[in-house]
Undergrad: 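Please see the structure below; I have some questions.
Predicted, not measured: the structure shown is a model, and the values here were computed from it.
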Amino acid sequence: MTSLVRHVTFDCRDPYALAGFWAEAVGGKRSDEDAPGDDEVLVEGTSVGLLFIRVPEGKEIKNRLHLDLQPQDRSRDEEVDRLVALGAKPADDRRRPDGTGWAVLADPEGNEFCVERSVAERSATGG
């Protein structure tokens, strides 16, 4: 028997707020059992749970693990704009003039993540 990934866990200062950002980003929802001030908050309704746990220290260095998001119903650039409107900040732009590449954003607590091209965009350019 093998194991499955039940949660991807984020250390953070404000679990409820950060879970709210990620719930909007990935189309999930905060668990009905969680409330502002809780030390652990779960985002449900995604392929893997995202769990946010309060820690006292802030993020100081580059993530050792990050999520790669692939938009399903919009382009990469439209998704970048949507996520920035939700509170993400641009961290590094790896998009190329030919339309390939990705954008690196940081969530409201500074955790980096990437936004890749959609399946439609990949199909249009052969990869």
Undergrad: Can you see which heavy atom on Val43 is nearest to which on Ala23, and at what distance?
TA: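 In terms of heavy atoms, the two residues are closest at CG1-CA, 3.9 Å.
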Undergrad: So, the side chain of Asp81 versus the backbone of Glu78: is there a donor-acceptor pair under 3.5 Å, distance only?
TA: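 The answer is no, because no donor-acceptor pair under 3.5 Å joins these two groups.
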Undergrad: For a quick test of reading the model, state the closest non-hydrogen atom pair linking Phe113 to Ala106 and the distance between them.
TA: CE2-C, 3.9 Å
Undergrad: Hey, does Val115 have a side-chain heavy atom less than 4.5 Å from the side chain of Pro71?
TA: yes
Undergrad: After noting the C-alpha distance and the side-chain angles of Val48 and Arg6, does the key distance pass the side chain to side chain contact (heavy atoms under 4.5 Å, CB included) rule?
TA: CA-CA 6 Å; Val48 64; Arg6 184 168 175 225; 5.9 Å; no
Undergrad: Apply the hydrophobic cluster definition, ILVMFWY joined by side-chain contacts under 4.5 Å directly or through others, and give me every member besides Trp102.
TA: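 Answer for Trp102: Val104.
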Undergrad: List the steps, then state whether side chain to side chain contact (heavy atoms under 4.5 Å, CB included) holds for His66 with Asn111.
TA: CA-CA 8 Å; His66 69 268; Asn111 301 298; over 6 Å; no
Undergrad: Would you indicate whether the side-chain heavy atoms of Gln70 and Arg76 approach each other to under 4.5 Å?
TA: no
Undergrad: Is Arg82 salt-bridged to Glu79, cutoff N-O under 4.0 Å?
TA: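 Yes, charged N to carboxylate O under 4.0 Å.
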Undergrad: Is there a side-chain contact between Leu105 and Leu69, using heavy atoms and a 4.5 Å cut-off?
TA: no
Undergrad: Side-chain donor-acceptor pair under 3.5 Å between Asp77 and Ser75, yes or no?
TA: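 Short answer, no.
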Undergrad: Side-chain contact test, heavy atoms from C-beta onward, threshold under 4.5 Å: evaluate it for Glu121 versus Glu116 and give yes or no.
TA: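 A side-chain contact under 4.5 Å is absent here.
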Undergrad: Measure the spacing between SG of Cys12 and CD of Glu40 and express it to the nearest 0.5 Å.
TA: 10.0 Å
Undergrad: Of the non-hydrogen atoms in Gly110 and Lys59, which two are nearest, and what is the gap between them?
TA: O-CE, 3.1 Å
Undergrad: So, for Glu57 and Arg13, which heavy atoms are closest and what is the spacing to 0.1 Å?
TA: C-NH2, 3.5 Å
Undergrad: Linking I/L/V/M/F/W/Y whenever any side-chain heavy atoms sit under 4.5 Å apart, do Phe52 and Val26 land together?
TA: yes
Undergrad: Can you list, pair by pair, the side-chain donor-acceptor contacts under 3.5 Å of residues 86-93, counting residues two or more places apart and other chains?
TA:
unit_1: Asp92; atom_1: OD2; unit_2: Arg94; atom_2: NE; d: 2.6
unit_1: Asp92; atom_1: OD2; unit_2: Arg94; atom_2: NH2; d: 3.0
unit_1: Asp93; atom_1: OD1; unit_2: Arg95; atom_2: N; d: 3.0
unit_1: Asp93; atom_1: OD1; unit_2: Arg95; atom_2: NE; d: 2.9
unit_1: Asp93; atom_1: OD2; unit_2: Arg95; atom_2: NE; d: 3.4
unit_1: Asp93; atom_1: OD2; unit_2: Arg95; atom_2: NH2; d: 3.0

Undergrad: Show, in sequence, the C-alpha distance, side-chain angles and deciding distance for Asp39 and Ile53, and conclude whether the side chain to side chain contact (heavy atoms under 4.5 Å, CB included) test is met.
TA: CA-CA 6 Å; Asp39 288 333; Ile53 297 179; 5.9 Å; no
Undergrad: Nearest heavy-atom pair of Asp32 and Glu44: which atoms, and what distance?
TA: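 Asp32 and Glu44 have their closest heavy atoms at N-OE1, 4.5 Å.
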Undergrad: Parallel, tilted or perpendicular for Trp22 and Phe10, by the 30°/60° rule?
TA: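 Geometry flag for Phe10 against Trp22: tilted rings.
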Undergrad: Taking all non-hydrogen atoms of both residues into account, name the closest pair between Cys114 and Asp68 and its distance.
TA: CB-OD1, 3.3 Å
Undergrad: Would Val119 and Val80 show up in the same hydrophobic cluster when neighbours are defined by side-chain heavy atoms closer than 4.5 Å?
TA: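 No; Val80 is not reachable from Val119 via cluster members.
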Undergrad: Quick one: do Val41 and Val55 end up in the same hydrophobic cluster if we chain Ile, Leu, Val, Met, Phe, Trp and Tyr together by side-chain heavy atoms under 4.5 Å apart?
TA: no
Undergrad: Counting N and O atoms only, with roles assigned by atom type, does the side chain of Glu24 sit under 3.5 Å from a partner on the main chain of Phe21, one being a donor and the other an acceptor?
TA: no
Undergrad: Do Leu18 and Pro108 have side chains that get closer than 4.5 Å, going by heavy atoms?
TA: yes
Undergrad: Hey, are the side chains of Asp34 and Leu42 touching, using non-hydrogen atoms and a 4.5 Å cut-off?
TA: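 With C-beta onward as the side chain, the pair touches.
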